[in-house]
Chemist: 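To start, I am sharing the structure in question, which I have written as structure tokens.
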Amino acid sequence: MIALHLPALQVVIPLVAAALCALLRRGVWAWLFVTAVTWVAFAIALTLLAKVTAEGVLTYQMGGWAAPWGIEYRIDRLNALVLVIVSGIGALVAPSLYHSVQREVAPESQPLFYTAFLLALTGYLGITITGDAFNLYVFLEIASLASYTLVALGRDRRALAAAYQYLVLGTIGATFILIGVGLLYMMTGTLNMVDLAVRIAEVGPNRTVRAAFAFIVIGTGLKLAMFPLHAWLPNAYTYAPSVVSAFLAATATKVGVYMLLRLVFGVFGAEFAYTLMPLGEILIVFALIAIIVGSLVAIFQRNLKRMLAYSSIAQIGYMALGIGLANLDGMIGGIVHLFNHAVMKCTLFLALACVFYRTGAVDLETIRGLGRRMPWTIGAFTVAGFSLVGVPMTVGFVSKWYLLTAAVERGLWPIAVVIVGASLLALIYIWRVVEAAYFQPPRDGASDVVEAPVAMVAPMIVLAAACLYFGLDTRFTVDVARGAAIQLLGIGS
Amino acid sequence: MDVLGHYNYWISIVLMMAGFYMVIARANLIKQLVGLNVFQTAVFLLYITMSKVEGGTAPIVAEGFTIYSNPLPSVLILTAIVVAVSTTAVALAIIVRIKEAYGTVEEDEIMRQNEE
């Protein structure tokens, strides 16, 4: 009985829990409650992924209303994987929340912080699971409004300015998606994504459909911070509370990439995107600029959160590049990188959250000599950092390998050179931190710094271990990504 | 090319672009928010106007009426209005806190203070 309703529970449980959480006025209870809820959501996502892998696509009619009229939840390999990423990151970030929130959020805002966190989780899970284009917009706004609130809760006043900028650009992005969905409804009279795909093929590629495509690509581009639409990202990640940066870096932009994949390939189809519209060329050009410029700018940052934010822009470039290359290996690389980058960036930001918890700052000066004082934190940072570079036997290597293969397959050697070259740039900015932490003397007054609390260290270690595990055993990620890529590109296996 | 026949879309597009321009061109955060609202409302009009069937009435079954307008876009926009109101509320809350923290709601002044 419950098993039948798992797709609905995936979203409903965190949503109802968010409302209940607002009633829990004590921070510690709210924290325990949130942690329990995120783990339940993670368990549901894992069950759904196992079911989808075994039985194929799952559909769920919301409220029992049949598909093109009612809202349908539709779970295939791609969104089952994204559900696991989002809820898994939520479950691993949740234990770290308590200490970090006490340190970085004003006392009167702390109980409501947890409500906003659950609402953001609800929104991102909802976007991922739904098969209805308008429902996607509503969940997108739930997730976005909660994210603006989370960013604004940073103690630095610049967090407010960053949150406002994020709100304006995020709302423009969401409204662009709304326009695109409206134009599609105008042409087809339906909002169900599967139904839309069928009817758009019947209508043919007229000007309204093309305009809808452009609006949707730009709207999702704003949400996933694709160069040159990334302006909101550096400030938002830098001034948000550290755990929020860890959560958003691993979920918000990843769900953005998922939206792009779902709407472009699930609704318009690969042929429309690549042949009739120049999506491949546009993505490749902007992705290459993002990879080079993002990595270069990251090298010159003294604030490590800002450095990771620019590195995120570059890494999103890799995902966009994989989609732009328009072949199977590229798409697999893009989807695997979506998973891998979520794991790596979450580890890195959680490590910075630990450093901030003990030292109150996260620039290159404060991290000097901490390798001995906070061995687990700096160790996890180093592992995830080298993974970001793409050292063999780490997750970063797997996705970059697929992207390289895809570029070579297309005969685009300059792109292969950029992928390798940008890895060296990543090595520079990661090495600066590792070098400062292990080989430089601690700064004055850092002698009493000790390792962060277990609740913060444990999730980070699990994620760092995942960076290594999924780098060695690629069967899980690559198999799911291959299935998803074949389905997206509409090619026979 | 029937340009005037689509006047309802022209109104929506002009409003949309006017709002969009305000968001980009104004430095005052409140004025940006007003622009954002105009932009969103124009999109709502786009939805509403496409559902209108010429000569159609409200979709209530009654004798003598056979042509009805499509009610679905109106319902969708009811949801979108709620979303827009929430967005405005969150934005205003952030602006109030910006005013408390910086003592101004002018973007250039805020950026100047951030650089200090």
Side-chain angles (χ1 to χ4, degrees), chain A residues 68-69 106 109 116 119 123 132-135 137-142 144-172 174-187 189-191 208 211 215 219 235 238-239, chain B residues 9 12-13 16 19-20 22-24 26 29-30 32-33 35-51 70 72-73 75-77 79-80 82-105 107 109-111 113-115:
Chain A
W69 298 283
S109 312
L119 280 176
D132 184 278
F134 194 83
N135 197 227
Y137 164 76
V138 175
F139 275 123
L140 178 63
E141 286 291 26
I142 293 177
S144 305
L145 287 175
S147 306
Y148 310 146
T149 315
L150 288 173
V151 171
L153 286 174
R155 274 235 166 125
D156 193 316
R157 66 176 183 175
R158 282 172 289 186
L160 295 167
Y164 188 78
Q165 193 189 16
Y166 185 13
L167 184 144
V168 170
L169 290 174
T171 306
I172 292 173
T175 311
F176 267 50
I177 295 175
L178 186 64
I179 299 171
V181 171
L183 293 176
L184 288 182
Y185 182 77
M186 196 189 275
M187 292 314 297
T190 182
L191 291 165
T208 312
F215 274 116
N235 282 335
T238 309
Y239 301 117
Chain B
Y9 295 116
S12 166
I13 297 293
M16 206 185 279
F20 199 35
M22 267 178 89
V23 180
I24 298 167
R26 295 291 156 195
L29 298 186
I30 298 284
Q32 281 182 9
L33 188 60
L36 200 62
N37 268 300
V38 172
F39 177 57
Q40 285 181 303
T41 311
V43 178
F44 302 163
L45 286 178
L46 178 74
Y47 268 74
I48 301 292
T49 190
M50 77 167 105
S51 72
N70 183 355
L72 188 69
V75 178
L76 296 178
I77 289 316
T79 315
V82 175
V83 169
V85 169
S86 322
T87 311
T88 311
V90 173
L92 285 173
I94 294 176
I95 292 175
V96 168
R97 295 218 18 225
I98 287 178
K99 172 82 178 167
E100 283 169 5
Y102 288 89
T104 176
V105 290
E107 203 172 35
E109 171 68 16
I110 293 169
M111 276 160 84
Q113 287 190 30
N114 276 345
E115 275 159 22

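Worth knowing before you read on, the calculation uses all heavy atoms, side chains too, and leaves out hydrogens, waters and symmetry mates. Every value quoted in this text rests on a predicted model; they were computed, and no experiment measured them. Letters go in sequence order (proteins before strands), and every chain restarts at 1.
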Chemist: Between A/Leu160 and B/Arg97, what is the shortest heavy-atom contact and its length?
Modeler: CD1-O, 3.5 Å
Chemist: Compare every heavy atom of B/Tyr102 with every heavy atom of A/Arg158, then report the nearest pair and how far apart it is.
Modeler: CA-OH, 3.3 Å
Chemist: For a quick check under 3.5 Å, do B/Asn114 and A/Tyr239 share a side-chain donor-acceptor pair by atom type?
Modeler: no
Chemist: Output the residues of residues 161-171 of chain A for which the shortest heavy-atom distance to chain B is under 4.5 Å, in residue-number order; output 'none' if no such residue exists.
Modeler: A/Ala161, A/Ala163, A/Tyr164, A/Leu167, A/Val168, A/Thr171
Chemist: Quick check for you: to the nearest 0.5 Å, what is the distance between B/Phe20 atom CZ and A/Thr175 atom OG1?
Modeler: 9.5 Å
Chemist: Between A/Val181 and chain B, with a heavy-atom cut-off of 4.5 Å, which part of the residue counts as in contact: side chain, backbone, both or neither?
Modeler: both
Chemist: Counting N and O atoms only, with roles assigned by atom type, does the side chain of B/Tyr47 sit under 3.5 Å from a partner on the main chain of A/Leu178, one being a donor and the other an acceptor?
Modeler: yes
Chemist: Pick one of side chain, backbone, both or neither for A/Leu191, based on which atoms fall under 4.5 Å of a heavy atom in chain B.
Modeler: side chain
Chemist: Could you check which of B/Val23, B/Ile110, B/Val90 has the highest count of heavy-atom pairs closer than 4.5 Å to chain A?
Modeler: B/Val90
Chemist: Is B/Arg26 atom CZ crowded by more than 12 heavy atoms from other residues, nucleotides or ligands, each under 6.0 Å away?
Modeler: no
Chemist: Identify which part of B/Gln113 has an atom lying under 4.5 Å from any heavy atom of chain A, answering side chain, backbone, both or neither.
Modeler: both
Chemist: Supply the atom-to-atom distance A/Trp69 CH2 to B/Leu72 CG, rounded to the nearest 0.5 angstrom.
Modeler: 12.5 Å
Chemist: What pair of heavy atoms forms the shortest contact from B/Val83 to A/Tyr137, and how long is it?
Modeler: CG1-OH, 3.7 Å
Chemist: Within this structure, what is the OG1-CG distance for the pair B/Thr79 and A/Asn135, rounded to the nearest 0.5 Å?
Modeler: 9.5 Å
Chemist: Are the side chains of A/Tyr185 and B/Asn70 in contact, using a 4.5 Å heavy-atom criterion?
Modeler: yes
Chemist: Side chain, backbone, both or neither: which part of B/Met111 has an atom under 4.5 Å from a heavy atom of chain A?
Modeler: neither
Chemist: Measuring heavy-atom distances to chain A, does B/Ile98 have an atom under 4.5 Å in its side chain, in its backbone, in both, or in neither?
Modeler: both
